[in-house]
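Counting convention: from 1, in listed order, for ligands and their atoms alike.
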Amino acid sequence: MTTTFTGETRALIAGQFISTSSTFAVTNPYTGLEVARVADCGVSEAKTALEASTAAFTWWSKTTAYERAALLRKFFNLILRDEAEIASMIALEMGKPVSEALGEVRYAAGFVDWYAEEAKRVYGQTIPSQFAHKRLFAISQPVGAVYAVTPWNFPAAMVTRKLAPALAAGCTIVLKPAEQSPLTALKLATLWLEAGGHGDVFQVITTNDPVAVSKVFMEDDRIRKITFTGSTEVGKILTKQASDTLKRVSMELGGHAPYLVFADADIEQAVKDVITCKFRNAGQTCVCTNRVYVQRSIVDEFTQKLGEAVAQLKIGDPLESSTQIGPVVDSAGLEKIKRHVQDAVQKGATVVTGGAVQSGLVFQPTVLGNVSGEMLILQEETFGPVAPIIAFDTELEAISAANNTPFGLAAYLWTKDISRAMRVAERLEYGIIGLNDAVPSTVQAPFGGVKQSGYGREGGHWGLEEYLFTKFISFGMEQ
Ligand code: SIN
């Protein structure tokens, strides 16, 4: 495949695409074949990007919101123009089914569109003073140069969810995409340049040595913000590193989402919703449910219907438009899924459907019944296409089981009882609640977690505020 990939493979550093002496491979997880070789940047390229980013901040931060908005609009239109190409790139480099990847590209473009508008709405405040000669103002200003680290599971949307508000606010940004999926990020960089954007305002540093590269940015006082989406483990390391220079920090970390299905739910719809929530991207999203709690009186019917529907999901090549379940991203991901399923079965879970590797990195979409608390799958995030079902009796028991985790990103419930709906939604210790809704994420709403799922919010006006600080100006006038 290397010969047929025609997209950008060089890093965008200090205004231009550069080649490096060494490169690393991007592999199609479905075929196992190499797709492309990408620039493998090191400390020297990181230092160049750092200097360029901090220098560019001095002028970019002084552009008007209207100039930034116009540029973001052009960027948005170009992403939509090339949406099919970007969707195929996502399918190729990380295995997301292409029809789903197209949805991701539109979601990604939506952040650019939304923040193009929001750039114009960064308002300040005037505050009444107790002194006749004083005028008090609070204004918002960009925090500075930003370092962003993004994951492989949403190679486009996790980039624009950080990039668009940072640029809208007047920050410069150096992006380090995941090693598994740098091609989409580089494509976005080419579109940014085509839109007329500067390649030192937004830079992309590709590397197979993220620890050394990140250290350059994390140690430097001139990088004023780190934004990261990824594992809780790496998030904690970056947070500790950020403390030395007291950078602003946004952490979108792991989850372990419960889905509570009450006996009064619309069972057919709840089955569809659990499938959407659990099996999109082969279960590789931070907000995918990892534990499905079903009230005991309907658990048998629900399990049977879920099993039948999941068995119908079409497994195959992510580049084919009819595919619903593709491969997981790599062998480490696959091994974890196998370990969780084996452990559950050994401890008494029943395999309702699936339960094994189909071929290569493809794990069959799986439903497990009779799951209980001591199983690994209820303690760790699986990040794979496996839905474990646990029966519960009372509302309180379900809430307590759902909250019994160090994570707090997303939680879901299905009920027709409106009082229960609000009661449970308020008691779930999570940053995002899907109430009779399997896909709550949307560009204009806050996305983020509590507890060990991190802090900071992306999306909506909350996402822009992460890149702004409040300056207070007290003005003593001549009388
Ligand atoms: C994620 O997995 O972190 C993103 C999922 C989403 O935006 O819905």
Side-chain angles (χ1 to χ4, degrees), residues 79 86-87 90 94-97 99-115 148-165 175 177-178 180-181 184-185 227-235 238 250-259 273-290 326 328-329 333 336-337 380-386 407-412 430-435 437-460 462-463 466:
I79 297 173
I86 303 172
I90 292 172
M94 56 69 65
K96 182 175 294 183
S99 51
E100 204 184 314
L102 187 60
E104 181 193 335
V105 179
R106 290 175 185 164
Y107 178 44
F111 286 106
V112 181
D113 182 36
W114 204 86
Y115 284 108
V149 180
T150 52
W152 49 263
N153 63 341
F154 284 82
M158 295 307 100
V159 170
T160 58
R161 195 155 80 179
K162 298 178 188 308
L163 176 66
L175 168 73
Q180 294 93 332
S181 61
T184 303
T227 172
F228 172 70
T229 296
S231 71
T232 295
E233 189 193 350
V234 175
L238 290 170
S250 293
M251 291 285 147
E252 301 292 350
L253 308 178
H256 202 265
Y259 209 125
D273 284 356
V274 166
I275 290 175
T276 306
C277 184
K278 173 72 255 185
F279 294 98
R280 70 178 172 124
N281 203 16
Q284 302 171 106
T285 86
C286 304
V287 291
C288 273
T289 177
N290 215 62
V328 295
V329 73
K336 189 175 192 194
I337 297 163
E380 297 173 5
E381 188 178 27
T382 308
F383 237 58
V386 184
F407 299 104
L409 185 56
Y412 305 83
Y430 289 83
I432 302 165
I433 305 291
L435 170 52
D437 184 3
V439 190
S441 314
T442 183
V443 297
Q444 67 273 38
F447 184 103
V450 295
K451 294 160 75 177
Q452 294 194 30
S453 290
Y455 37 70
R457 291 293 177 269
E458 295 187 322
W462 300 268
E466 300 283 331

The closest protein heavy-atom partner of atom 6 (C) of ligand 1 is Ser441 OG, 3.4 Å
Between Glu252 and ligand 1, find which residue part has any heavy-atom pair under 4.0 Å and reply side chain, backbone, both or neither.
-> neither
Taking only heavy atoms of Asn153 into account, list the atoms of ligand 1 that are under 4.0 Å away from them.
-> 2 (O)
Closest approach of Ser453 to Gly254 (non-hydrogen atoms, all atoms of both residues) = OG-O, 2.6 Å
Walk me through it: do Ser250 and Glu466 pass the test side chain to side chain donor-acceptor pair (under 3.5 Å)?
-> CA-CA 7 Å; Ser250 293; Glu466 300 283 331; 2.7 Å; yes
So is Gln284 close enough to ligand 1, meaning a heavy atom under 4.0 angstrom away?
-> no
Would you find a donor on one side and an acceptor on the other, under 3.5 Å apart, between the side chain of Ser231 and the backbone of Val234?
-> yes
Heavy-atom closest pair (Ala257 atom, Cys288 atom, distance to 0.1 Å) is CB-O, 3.4 Å
Do you know the tightest heavy-atom contact between Lys162 and Phe228?
-> NZ-C, 3.6 Å
Testing Asp273, Val287, Ile432, Val274 for side chain to side chain contact (heavy atoms under 4.5 Å, CB included) with Tyr412, which one passes?
-> Val287
Between Glu100 (side chain) and Asn281 (backbone), is there a donor-acceptor pair under 3.5 Å?
-> yes
Output the list of atoms in ligand 1 that are nearer than 4.0 Å to some heavy atom of Val287, sorted by atom number.
-> 5 (C), 8 (O)
Sub-4.0 Å heavy-atom approach of Arg280 to ligand 1 = yes
In ligand 1, the atoms that come under 4.0 Å of a heavy atom of Thr285 are 2 (O)
shortest atom 7 (O) of ligand 1-to-protein heavy-atom contact is with Tyr107 OH, 2.7 Å
Nearest protein heavy-atom contact for atom 2 (O) of ligand 1: which residue, which atom, what distance?
-> Cys286 N, 2.7 Å
